[in-house]
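Presented below is the structure to which this report refers.
The shown structure was predicted, so the numbers you read here are calculated from the model rather than taken from an experiment.
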Amino acid sequence: MKIRSLPLAALTGVFLLTGFATGCRREMPPEVSQIIRSSVETETLPAAIQAQKERVRAWEEMRHFYRKREFQPAWSDVKGPGPHAAELISTIDSLAADGLDPRRYQADRLTTLVEAAKADKSLKSPDAQRRLADLDVELTYTYLTLAAHAATGRLTPETLRINWDSQPRNVDLDARLETVFAGKATVAESFKTLTPPNPAYVRLRDALARYRKIEAAGGWPAIPAGPSLKAAMKAGDQGGRVAALSTRLAASGELAGPASPVFDEPLAAAVSRFQKSHGLDATGVVDEETLAELNVPVAERVRQIEINLERWRWLPSSLGKRYIAVNVPEFRMELIENGKKTVDMAVVVGKQQSQTPVFSDRMTYLELNPEWNLPSSITGDEIVPKLASDPGYLAKSDMEVVDSKGNVVADAGLDQISNPASGYRIRQRPGRANPLGQVKFMFPNEYDVYLHDTPADHLFSREERDFSHGCIRLERPVQLAEVLLQGDPDWRGSKVREAIQTGVQKTVKLPEPLPVHILYFTAWVEEDGTLQFRKDVYGHDARLASALAKEPIVTVDLPSLRGEVHAAGK
């Protein structure tokens, strides 16, 4: 294509216009980036940030973000705050769906700061420059703190002084923010990539939305105290209590259809469904314990769901394709393979004084007919007092004293046995009286906690099973051993049971290491959609709820941080 030549006068006009536009273009004053630098590069972080690991992380990510930008503002240009600022503010409320508290992120305050920055018609004054810089830092810090909270939790377990040792996901927060400014994602879309990807988290988040609707509609009625309610009672004897029961179960979904004052079979079936989803015996009878669970207010259940969503954020992205999960408040163990349960059984967990910790490790071997090396705490608290009153106690209990090399010590004195520094310990030989039973599953860990058999089978019939010294007792350990060793041709069929019958201790290596996750969830949703609740056996829910309620708001007093003196304070 042939380009026609322009007259010289026309070309001169074009150059003049271009030069005029370039010379008059508004540029960001360098003072703005200088203020941002002085704010984010401060060596001493505010106390409210130092006390929160997640907020320290957000601050470090913010430094990295601005360094890459050479401390140029991200949310504003010379015309003022851009559309991303309003988008972030509008997204804050939506994150309540994940159990975050929008009030902590001060959307109204950010809106006021944005409006103040928009009102500045020029960036020539120091006050206008400072307002724009401070707004930019506030928005970035708010985004990154929200991102940290959505990805790995509002709090870390160590701040609660509980035994919770898990590896949370490693999420690049400032990279998410960069996708927003690169036009690859909206603010809302970037947050959706931060929350835990586990389907169980998604199901629980959906349950939170459903229970908030129930709360908004007025919740459910309390059922007055009285004798146990059951289907065998005459309708005339039940009256308003049964009507309240029916309304209560209709509200939470166990009872389909309208409420009725008659305790009929459909209502009894609804009671049974409620009992199953709360870890109670499914009798269909509203006894005292069932009534107590029915009368937990919906607001308390909402809080319980929010707490357990927070716990999901403490966990890694994936628990593994094949793993063992023990949920302490549920008193159950599951073997999960490709998302499906293949083994499911009751367990006994630690009592209040010796709580089972929450952690993850890898099972590498198991022991058939195991010996029990008693921890020094049990030796000192339980065995030594018995020996003091009965010197023959060890022999009667099939126990022996051994030294640090495992050699039997026949003449150990009580003072040596009771002193951990002596290197002596008590060992119980394999047998029916051994508390470890016939099988012990080993995943060496700092807590000295493992899965094992138990001769005390009667404990599995109880609803609440927190009786151990911290280890986890299994209802059907031999079955689990057989399943785990299926990949080893030497242990197929009845080989495990035959080895146990010999009474000889034997260590068996697993075909491949198996992840083990000891968890603590008091609310979760099964794959079939059933929402489950359990009691807070160790009080972890209460501590977490209290800590979350005390969590400070997300903000930074940037002028004070820079050591500036406000005119109003002179």
Any Val409 side-chain heavy atom under 4.5 Å of Val402 side chain: no
Qualifying salt bridge (Lys or Arg N to Asp or Glu O under 4.0 Å) pairs, either residue in residues 399-420, two or more places apart: Glu400-Arg427, Glu400-Arg429
Do Glu288 and Pro227 come within less than 4.5 Å of each other through their side chains, counting heavy atoms only? no
Quick check for you: to the nearest 0.5 Å, what is the distance between Phe533 atom CZ and Ser277 atom OG? 8.0 Å
Can you see whether Asp281 engages Thr283 through a side-chain donor-acceptor pair at a distance of less than 3.5 angstrom? no
Start with the C-alpha gap between Val285 and Ser228, add the side-chain angles, then the distance that decides, and say whether side chain to side chain contact (heavy atoms under 4.5 Å, CB included) holds. CA-CA 7 Å; Val285 177; Ser228 295; 4.0 Å; yes
Are any of the side-chain heavy atoms of Ile472 and His452 separated by less than 4.5 Å? no
Arg212 vs Glu306, test: side chain to side chain contact (heavy atoms under 4.5 Å, CB included). Steps then yes/no. CA-CA 11 Å; Arg212 281 179 172 163; Glu306 291 173 344; 2.7 Å; yes
Listed by chain and number, what are the salt bridge (Lys or Arg N to Asp or Glu O under 4.0 Å) partners of Arg248, not counting sequence neighbours? none
Once rounded to the nearest 0.5 Å, what's the spacing between atom OG1 of Thr454 and atom CD of Glu475? 11.5 Å
Indicate yes or no: does Lys535 engage Glu289 in a salt bridge with an N to O separation below 4.0 Å. yes
So Val326 and Val347, do their side chains get closer than 4.5 Å, heavy atoms only? yes
Would you please indicate if the ring centroids of Trp312 and Phe521 are separated by under 6.0 Å? yes
Can you tell me how far CZ of Arg169 sits from OG1 of Thr152, rounded to the nearest 0.5 angstrom? 7.5 Å
Looking at Lys340 and Glu334, is there a salt bridge between them, counting it only when a charged N and a carboxylate O are closer than 4.0 Å? no
Are any of the side-chain nitrogens in Glu551 or Arg55 under 4.0 Å away from the carboxylate oxygens of its partner? yes
Side-chain contact test, heavy atoms from C-beta onward, threshold under 4.5 Å: evaluate it for Leu484 versus Leu514 and give yes or no. yes
Can you confirm whether Leu194 sits close enough to Arg176 that some side-chain heavy atom of one is under 4.5 Å from a side-chain heavy atom of the other? yes
Restricting to non-hydrogen atoms, name the atom on Pro224 and the atom on Leu291 that form the minimum distance, rounded to 0.1 Å. O-CD2, 4.2 Å
How about Met333 and Asp344: do any of their side-chain heavy atoms sit closer than 4.5 Å? no
Once you measure the plane-to-plane angle for Tyr211 and Trp220, does it fall in the parallel (<30°), tilted (30-60°) or perpendicular (>60°) bin? perpendicular
Can you tell whether the side chains of Arg203 and Glu526 come within less than 4.0 Å, N to carboxylate O? no
Please verify the inter-ring angle class for His540 with Tyr538; under 30° counts as parallel, over 60° as perpendicular, anything in between as tilted. perpendicular
According to the ring-ring contact (aromatic ring centres under 6.0 Å, His included) rule, which pairs have a member within residues 382-433, sequence neighbours left out? none
Under the salt bridge (Lys or Arg N to Asp or Glu O under 4.0 Å) test, which residues partner Lys396, sequence neighbours left out? Asp390
Apply the test side chain to side chain contact (heavy atoms under 4.5 Å, CB included) to residues Ile336 and Thr342: give CA-CA distance (whole Å), side-chain angles for both, the deciding distance (0.1 Å), then the verdict. CA-CA 6 Å; Ile336 306 296; Thr342 56; over 6 Å; no
Of the non-hydrogen atoms in Thr364 and Pro513, which two are nearest, and what is the gap between them? CG2-CB, 4.4 Å
CG (Asp536) and CD (Gln304) are apart, to the nearest 0.5 Å, by 8.0 Å
Is Glu293 reaching over with its side chain to a backbone N or O of Gln275, donor-acceptor style, under 3.5 angstrom? no
Might you work through the side chain to side chain contact (heavy atoms under 4.5 Å, CB included) test for Asn369 and Lys506, ending with a clear yes or no? CA-CA 7 Å; Asn369 301 311; Lys506 188 173 186 63; over 6 Å; no
May I have the list of side-chain donor-acceptor pairs in residues 315-325 shorter than 3.5 Å, sequence neighbours left out?
| unit_1 | atom_1 | unit_2 | atom_2 | d |
| --- | --- | --- | --- | --- |
| Ser318 | OG | Gly320 | N | 3.1 |
| Arg322 | NE | Glu337 | OE1 | 2.9 |

Those residues at least two apart in sequence (or on a different chain) that pass salt bridge (Lys or Arg N to Asp or Glu O under 4.0 Å) with Arg273 are none
Salt-bridge criterion met for Arg311 and Asp541 (N-O under 4.0 Å): yes
